[in-house]
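Beneath this line is the structure, given in C-alpha cells, with notes to follow.
We name chains A, B, ... by the order of the sequence lines, and we start the count at 1 in each one. Worth saying up front: this structure is predicted, and the values here are computed from it rather than measured.
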Number of protein chains: 2
Amino acid sequence: MTQHAYLVDDDEAIRDSLTWLLESRGVACASYPSAEDFLAAWDSSLAGCIVLDIRMDGMSGPELFELLCERGCKLPVIFLTGHGDVPMAVSALKKGAFDFVEKPCNDNELVNRVIEALKLDANQRVAASDSDSVNSLIARLTTRERQVMELVLSGKLNKLIADELQISMRTVEVHRANLLEKMGVRTAVELAQLLAGKR
Amino acid sequence: MTQHAYLVDDDEAIRDSLTWLLESRGVACASYPSAEDFLAAWDSSLAGCIVLDIRMDGMSGPELFELLCERGCKLPVIFLTGHGDVPMAVSALKKGAFDFVEKPCNDNELVNRVIEALKLDANQRVAASDSDSVNSLIARLTTRERQVMELVLSGKLNKLIADELQISMRTVEVHRANLLEKMGVRTAVELAQLLAGKR
DNA sequence: GCGCATATTGTGGAAATCCGCAATGCTGGC
DNA sequence: GCCAGCATTGCGGATTTCCACAATATGCGC
C-alpha cells in the first residue's frame, strides 16, 4: 500500500496549499474536508500519516483521533492547532499522537514532520510484519512441538526434556528437528534469537 | 538510594501542602524553593521523580528541565502548569517529560501521577542495572573469548569457528567454556537470551 | 475403509560437544 | 628471573546431538 499524507481540514485553501507543498516534495496526498469523511474512508490497510486540524465543524480533530485509536489505527497523527490547549495536547501526545504544529507554520517544518511521520509509519510496518511472521510460524507448530520448544529454550538437555514429558529421547529429537525446521532456523541459538522479546 | 518526590516551586504554600499530601501517602519528599537550588543539589544517584513548576523567578521550570536532560538526568518530571503553552508542553513531552498537571489540580490525580512516576523510575533503574551488569560481564572477557562468543551467537559449529579463527577445535572449546562461565550461563541458548537486544 | 497428520519408539552409526589432564609459549609486571 | 594471565594444543574418553530407516497407534475427515 502506497504511503499518503492524509490531510483532514475543513479549510479548502489549507488543504490545497498543503497538498501542493507536500507533492512538490514527493509526498502523495489525499485530502478530506471533514473528520467524518476521513473516518468513512479509513481502514487498517492505509499507509502513511494523518495531518489533522483540531477545530472543524462537526466532528473535531481530537474526537476523530479518539475514534481512530479505538479502532486500532496506528498511523502517526500530526495535529494542526491554532490555539493553545495544553490538556488536550498532553492527552493526545500521551495517547501516541506524533506531533503538534501551530498554524500558521513554517512550510519546511511541517513537511519535515510529515516526512518523519512517514518514516515512523514505514518502520512500524516492518516491525509489525516481523512480529506477525514469527507468530504465524509458531501457530504452525503442533502442541508437542511447542512444548518441546519451550523446554529447549529453557536450556534443558534432550534427556531431561524426555524425562519431563515422559517420552523417549528419540521422540524429543524428532520434535526438536521438526520445530527448528518449521521455525526456519538451524540451531537452538538462532531460535532463541528469533524469539527474543516474545517470551 | 531512597526514592523521593523532589518538589521544585517558589510558592512555599504549594511546596508545603504537596509535601503533606504526598507524605500522607507514604511518599518521601524533598522540596526546593528554586530551580537553581534543585540544580545545585542534583546528582545522578538521586532516585524518585521531580514535580516542577513552570513559572518561577530566576530559572524557569523548562529551563531546568533542559539542563537536567543535558546532564543525563533520567528522573521522570511532572510539570505543574497554570497557563497554556502548547509548544512548550509538546516540546517537553517529546523530550521525555512524564506529564503535565494543571494547577489548581485534584489532589488524588497529582498523587497518583507521582506514584506512577516513581514506579517508572524504579523500573528504569532495574533495566539500567541489568544492562550495566551484562556490559560488565562482557568487559571481563578476553579478546579471544569475545571473538568466539560472537561466532557462537551466529550459530556456527566449533569446527567452523576453529577454521575461521585458524585455531584448533580444542582451543575453541576452551574459550567457549570460559566465556559461558564468565557470562554466568550454561548454554549458548541462555547466552543468546541474555544478550537479546544487545546485538 | 482409506489416507493423512500426529505422536511415539527403536536401532545403529556419525558427528559434535564437553572436559580432565597435561603441556608449551608469549607478554607484562614485580 | 619468577609468576600470573592468556593463548594454544593434543590425547582420550564420555556424553549429547543428529538422523536415516523403519515401524506402530490414534484420531479425523472423506
message = Within the structure provided, determine whether B:L120 and B:Q124 are in side-chain contact (heavy-atom separation under 4.5 Å).
response = yes
request  = Kindly say whether the aromatic ring centers of B:F79 and B:F98 come within a distance under 6.0 Å.
outcome  = no
query = Think A:N158 has a side-chain N or O under 4.0 angstrom from the OP1 or OP2 of D:dT16?
reply = no
key: For atom CD of A:E173 and atom P of C:dA7, their distance in whole Å   = 16 Å
query = Hey, does A:L153 have a side-chain heavy atom less than 4.5 Å from the side chain of A:L191?
reply = yes
query = How close do B:V148 and B:H175 get, heavy atom to heavy atom, and via which atoms?
reply = CG2-CB, 3.8 Å
request  = Report yes if at least one side-chain N or O of A:R176 is closer than 4.0 Å to OP1 or OP2 of D:dC18; otherwise report no.
outcome  = yes
d(CZ, B:R146; C1', D:dC6) in whole Å = 13 Å
request  = Could you check how far CG of B:D163 sits from P of C:dA16, rounded to whole Å?
outcome  = 11 Å
ask   = B:F65 pairs by side-chain contact (heavy atoms from CB on, under 4.5 Å) with which of B:K95, B:E70, B:M88?
value = B:K95
inquiry  = Is the phosphate of C:dA5 approached by A:T142 (side-chain N or O, under 4.0 Å from OP1 or OP2)?
reply    = no
note = A:L179 atom CG is separated from C:dA7 atom C1', nearest whole Å, by 14 Å
Residue whose closest nucleotide on DNA chain D lies nearer the 5' end, B:V172 versus A:A177 = B:V172
query = Below 4.0 angstrom from OP1 or OP2 of D:dT16, is there any side-chain N or O of A:K159?
reply = yes
query = So, is B:R144 near the phosphate of D:dC6, with a side-chain N or O under 4.0 Å from OP1 or OP2?
reply = no
ask   = When you check the phosphate oxygens OP1 and OP2 of D:dT8, does a side-chain N or O of B:H175 lie under 4.0 Å from one of them?
value = yes
key: Rounded distance in Å - CG (A:L157) to C1' (C:dT17)   = 11 Å
task = Take the protein atom CZ of B:R170 and the nucleotide atom P of C:dG20, then report the distance between them rounded to whole Å.
result = 8 Å
inquiry  = Output the rounded distance in Å from CG (B:L165) to C1' (D:dT9).
reply    = 15 Å
note = Between A:M169 and B:I167, the residue closer to the 5' end of DNA chain D by nearest nucleotide is B:I167
query = Under 4.0 Å between a side-chain N/O of A:T171 and OP1 or OP2 of C:dT8, yes or no?
reply = no
query = Between A:E145 (CD) and C:dT8 (C1'), how many Å, whole number?
reply = 13 Å
